[in-house]
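Quick notes on the structure that follows.
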Amino acid sequence: MLCSSPGLRRWTPSILIAVLASLLIPSDIIGQTPSTQRQTPPDDTIRISTNLVQIDVIVTDGKGNHVTDLKPEDFVIEVDGRQHPISYFQPVTEANPARASTARNAGRTESSTAAPAARAGIRPDQVRRSIAFIFDDYFLAFDSFVRSRDAARKFINEQVQEGDLVAIIQTGKRFNNLQRFTSDRRAMLHAINKLTWVPPGSPLPGLGGLDPSARPESVISPVDESDAYRTLGRSNALQHVSRALRDLPGRKVAILFSDGFQILTPGVDSTRALDQMRRVTDEALRGGVAFYTIEAKGLIALSPNSGPITFSPNAMGRPPSTEYERRALERIFREREGLIFLARETGGLAVTGSNDIPGGLRAFMRDNESYYLIGFDPDEETFDGKFRSLKVKINRRGLTARTRSGFLGRADEARIDRPKTRNEEITDVIFSPFAARELPVELTALYFADAELKPVIRTMVQIDTAALAFQTGENGKLSTTLELIAITFDDNGKPAEQQERNFTITLDQASLERVRRDGLVYQSDFTLSKPGFYHFHTVLREISSGRMGASSQLLDVPDLSRRRIALSGIVVAGTSGDANDSPSLRRFAKNSEVQYGAAAYLQQHQATGPRKLYSQIEIYRDDKVVHKTPPRPVEIAADASDGAVDIGGRLVLGGLEPGDYHLRLIVSDVTVQGKTVSADQWITFTVRQEDR
C-alpha cells in the first residue's frame with residue numbers, strides 16, 4: 001500500500017495503536033548529551049602501476065611505540081637493493097582503539113545487548129577500519145576454534161568502534177555465502193554465534209595429546225593429497241578476502257585464526273605451496289590488506305604431565321628431552337612459520353606460542369594506530385613478472401620500519417567499466433555495506449504476532465519524493481514510474497521472502513508540493529514461516545533514470561513457543577502531527593514529546609500466584625546510555641496471562657542534541673518465587689537539526 005506519511009493505515013494488531021492512545025505512564029524528560037565530530041579518513045588505496053607504487057609503512061621505536069613525526073627525507077626505499085626517490089608521502093594517524101572502547105563501554109550496563117546500526121547506514125567517508133576475521137577451517141582444532149570464536153566475540157563487544165566494517169569468514173565455505181561486511185554489531189555477533197567447527201583433518205593428529213610411545217617417523221609424514229587440497233582451499237579463500245577488502249575504504253586488516261600451516265616441507269617439492277602463498281601476499285598488497293595471524297592452539301604440551309616446551313633452555317619451559325619431542329617440535333615450528341610468513345610478507349604481525357588471544361587482537365589494533373603512505377616511481381624493468389624485494393629504511397637511529405616484503409612485477413589490471421544490467425546493479429546495491437543514496441529511502445520493519453501467534457512483519461518504506469524526476473504528461477499531470485524490490489534473507493543467507501512491484505505516481509501540482517514535503521510510504525505486511533534472524537533489504541529504482549536507493553534492517557523474530565516473554569517491535573511517533581513525527585521517519589524536534597508502544601507476549605507458566613511485569617527505557621547515543629528510567633510496574637489484564645500485554649509511555653526529548661539515537665525497551669517478567677525473565681527490543685530515532 002502506498003500512502004502519504006501522515007496518513008498511515010492503523011496498525012494490526014490494534015493494541016499497538018491503543019498503547020499510543022492510552023499513555024497512562026507519566027512523561028519522562030531526557031537530558032542533554034554532547035555531540036561528536038569526525039574527520040574524513042585518508043585514501044588508503046595501495047597502488048602498483050607503471051607510474052606509481054604506493055605502500056604503507058609502520059615505524060616504531062625500540063620500545064615498540066609508534067613514531068608519527070617523520071618526514072619524507074627520513075625514509076629510504078629500496079627495490080631489489082636499488083634506491084628510489086619518494087614521490088608521494090602521507091602520514092596517517094587513527095583514533096586510539098583502547099580509548100574509544102573504554103569511552104563506549106563506560107556507558108554500558110551488564111544487561112546491555114548490541115544495539116542496531118545507525119538508521120542512515122554508514123557512508124564510505126565514515127569508514128575507519130575494514131576488518132575481516134578469518135577462521136581457518138582447514139587447520140583449526142575444536143578447542144582452538146572455541147578460543148578464537150570467543151576472542152572475536154569479545155573484540156566485537158568491546159573494541160568495535162563507530163566507523164568499523166567487519167566480516168566473519170570461514171575458509172572452508174564459499175565466499176559468496178559468507179557474512180558480508182557490516183557496521184551493525186548485532187550482525188557481527190550473530191555471524192560469530194552461527195560459526196560451526198569443521199573437522200580440519202589436523203596435519204599433526206592428536207596435537208596436545210600425542211602418544212609418547214609413537215614412533216618418531218609417525219610425527220613427520222609427507223604432505224598427502226588432502227593436505228594439498230586444504231592448502232589450496234585456504235589460499236583461494238585468503239585471496240578472495242583481499243579482493244573483497246580492496247574495494248572498501250579505511251585501513252584494511254585481515255585477522256587469521258589458525259593452528260598453523262607449513263609452506264616448506266622437508267623432502268617434498270614445496271614450489272607449488274610457495275607460489276600459492278606468493279599469490280596470496282601479492283593480492284594482499286594490491287588490496288592494501290595487512291594480514292595479522294594468531295596461532296590459536298597456544299602453548300603446547302606434548303603429554304598430560306609435560307609443561308610448555310621451547311627450543312631455548314633460557315626461555316620459559318624446557319628443551320626437548322627425546323627424539324620424539326624434538327621432531328614434534330620441528331613440525332610445530334614449521335607450521336608456525338606459515339603464520340609468520342603471511343604476516344611478515346604483508347606488513348602485519350604474528351602472535352605464536354601464547355594463550356592470550358584477546359591480548360593479541362588488542363596488539364593488532366594498536367599496531368594500526370598510525371602508519372605512512374609512501375609512493376615511488378618504478379623503473380620500466382620493474383614489471384617483468386618477477387618477484388621484487390622491497391625494503392624501507394629509516395635514517396634516524398633506533399627506529400624500525402615494517403612494510404610488505406615485496407611484490408610481483410606486474411601492474412594492476414585496468415578495470416573495464418562496462419554497463420551493468422539491471423539485475424547486476426540491484427545485486428551490487430543489496431550486497432554493498434553502504435546504502436545507495438541517489439533516491440533516499442528508509443526502511444522500518446516491525447515484528448508482531450497474529451492471533452495464532454505466527455510471526456508477522458510490517459515493513460514501511462519511506463520514499464523521499466524530492467529526488468524523483470517527475471515528467472509532465474499531456475493532461476498536465478506529473479508522473480514517474482518506480483520499481484520496488486524487497487528481499488528478506490533468512491538465518492542462512494537464503495532469500496525467505498521476495499516482492500517486486502512496479503507502480504506509477506501521478507500527481508497534480510498541489511499534491512506534488514505536499515508529497516515533496518511529507519514523502520510517501522510504501523507499506524506491506526507478510527507472515528514468516530518461522531522465527532529467526534532476518535535481514536530485510538529494500539531497493540527503489542526509478543525506471544526512467546535508473547537511479548536507485550536502498551535501505552536494510554536486521555530483525556530478530558522471537559520464538560514464542562520457547563520464550564516465557566517476548567516483545568513486538570516498538571512503534572514510536574511524535575505528537576505534533578508533523579510528517580517527520582511519523583512511525584516511519586521518527587525525526588523529532590528538540591524538546592518535543594514522543595510516544596512509544598509495544599506488545600509483550602506472555603507464555604503460560606506453571607508458577608502459582610500472580611506474575612508481575614516491569615518496563616524500562618534506555619536511550620543510547622554512540623553506544624553510551626544518555627537516559628535511563630527506573631523499572632515501572634505494568635498492569636496485566638485478567639485475560640492476558642497467556643496473551644499480549646500493552647506496554648507504552650511518553651518521553652520528552654528535553655535537551656537532546658541533534659543526532660541519531662537508539663531507544664531500548666526492556667520488559668521483565670517476575671513470578672511470585674522471584675524468578676525474572678526479560679525481553680528487549682530496539683528502535684532508532686533522530687533529533688532534527690532544526691526545531692521545525
Side-chain angles (χ1 to χ4, degrees), residues 1-11 16-17 19-20 30 115-121 123 435-447 457-468 482 484 486 505 511-525 536-540 549-555 569-598 619-621 648 650-653 656-665 681-692:
M1 180 181 70
L2 195 67
C3 56
S4 60
S5 292
L8 284 175
R9 188 174 62 182
R10 292 175 64 83
W11 282 81
L16 295 180
I17 286 296
V19 168
L20 296 180
I30 302 176
R119 55 188 288 162
R123 300 192 307 270
R437 300 178 180 276
E438 294 175 322
L439 299 179
V441 295
E442 292 187 29
L443 170 67
T444 297
L446 299 176
Y447 152 78
I457 305 300
R458 168 155 295 180
T459 59
M460 296 179 290
V461 181
Q462 179 79 30
I463 304 171
D464 184 355
T465 55
L468 297 178
L482 306 172
L484 187 69
I505 303 175
S511 299
L512 177 63
E513 294 176 1
R514 176 173 58 83
V515 299
R516 284 201 186 280
R517 181 186 70 245
D518 298 338
L520 294 173
V521 174
Y522 177 81
Q523 178 178 301
S524 62
D525 296 345
F536 295 83
H537 288 267
T538 296
V539 179
L540 182 72
S551 185
S552 65
Q553 181 179 331
L554 297 171
L555 201 59
I570 310 172
V571 180
V572 179
T575 60
S576 69
D578 189 296
N580 287 293
D581 286 2
S582 67
S584 60
L585 280 179
R586 305 184 305 282
R587 295 173 179 165
F588 307 120
K590 292 180 64 175
N591 302 308
S592 62
E593 181 181 277
V594 301
Q595 308 169 348
Y596 64 89
I619 304 294
Y620 289 74
R621 187 176 190 192
R650 288 189 177 97
L651 295 170
V652 177
L653 307 180
L656 287 184
E657 289 296 314
D660 291 328
Y661 294 85
H662 297 93
L663 182 149
R664 182 188 183 205
L665 174 61
Q681 283 281 11
W682 296 81
I683 195 166
T684 58
F685 69 90
T686 300
V687 176
R688 304 199 306 264
Q689 288 284 348
E690 298 180 5
D691 189 4
R692 60 180 177 84

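We're numbering straight along the sequence, starting at 1.
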Non-neighbouring partners of A445 that pass side-chain contact (heavy atoms from CB on, under 4.5 Å), sequence neighbours left out: I457, T459, F536, Q553, L555

Once you round to the nearest 0.5 Å, how far does CG of N580 lie from CG of L585? 6.0 Å

Do L653 and V594 have side-chain heavy atoms sitting under 4.5 Å apart? yes

What is the distance from atom OG of S584 to atom CE of M460, rounded to the nearest 0.5 Å? 5.5 Å

State which residues pass side-chain contact (heavy atoms from CB on, under 4.5 Å) with R517; sequence neighbours excluded, sorted by chain then number. R514

Determine whether the side chains of R586 and T444 contain a donor N or O and an acceptor N or O closer than 3.5 Å. yes

Can you tell me how far the CD1 atom of I463 sits from the CG atom of L439, to the nearest 0.5 Å? 9.0 Å

Among V441, L443, V461, side-chain contact (heavy atoms from CB on, under 4.5 Å) partner for Y522: V461

Any side-chain heavy atom of Q523 within less than 4.5 Å of one from R458? yes

Cation over ring, R621 on Y661, under 6.0 Å and within 45°? yes

S511 meets the side-chain hydrogen bond (donor to acceptor under 3.5 Å, both in side chains) criterion, sequence neighbours left out, with D508

Given L520, which partner from the list L482, D464, T465, L468 fulfils the side-chain contact (heavy atoms from CB on, under 4.5 Å) test? T465

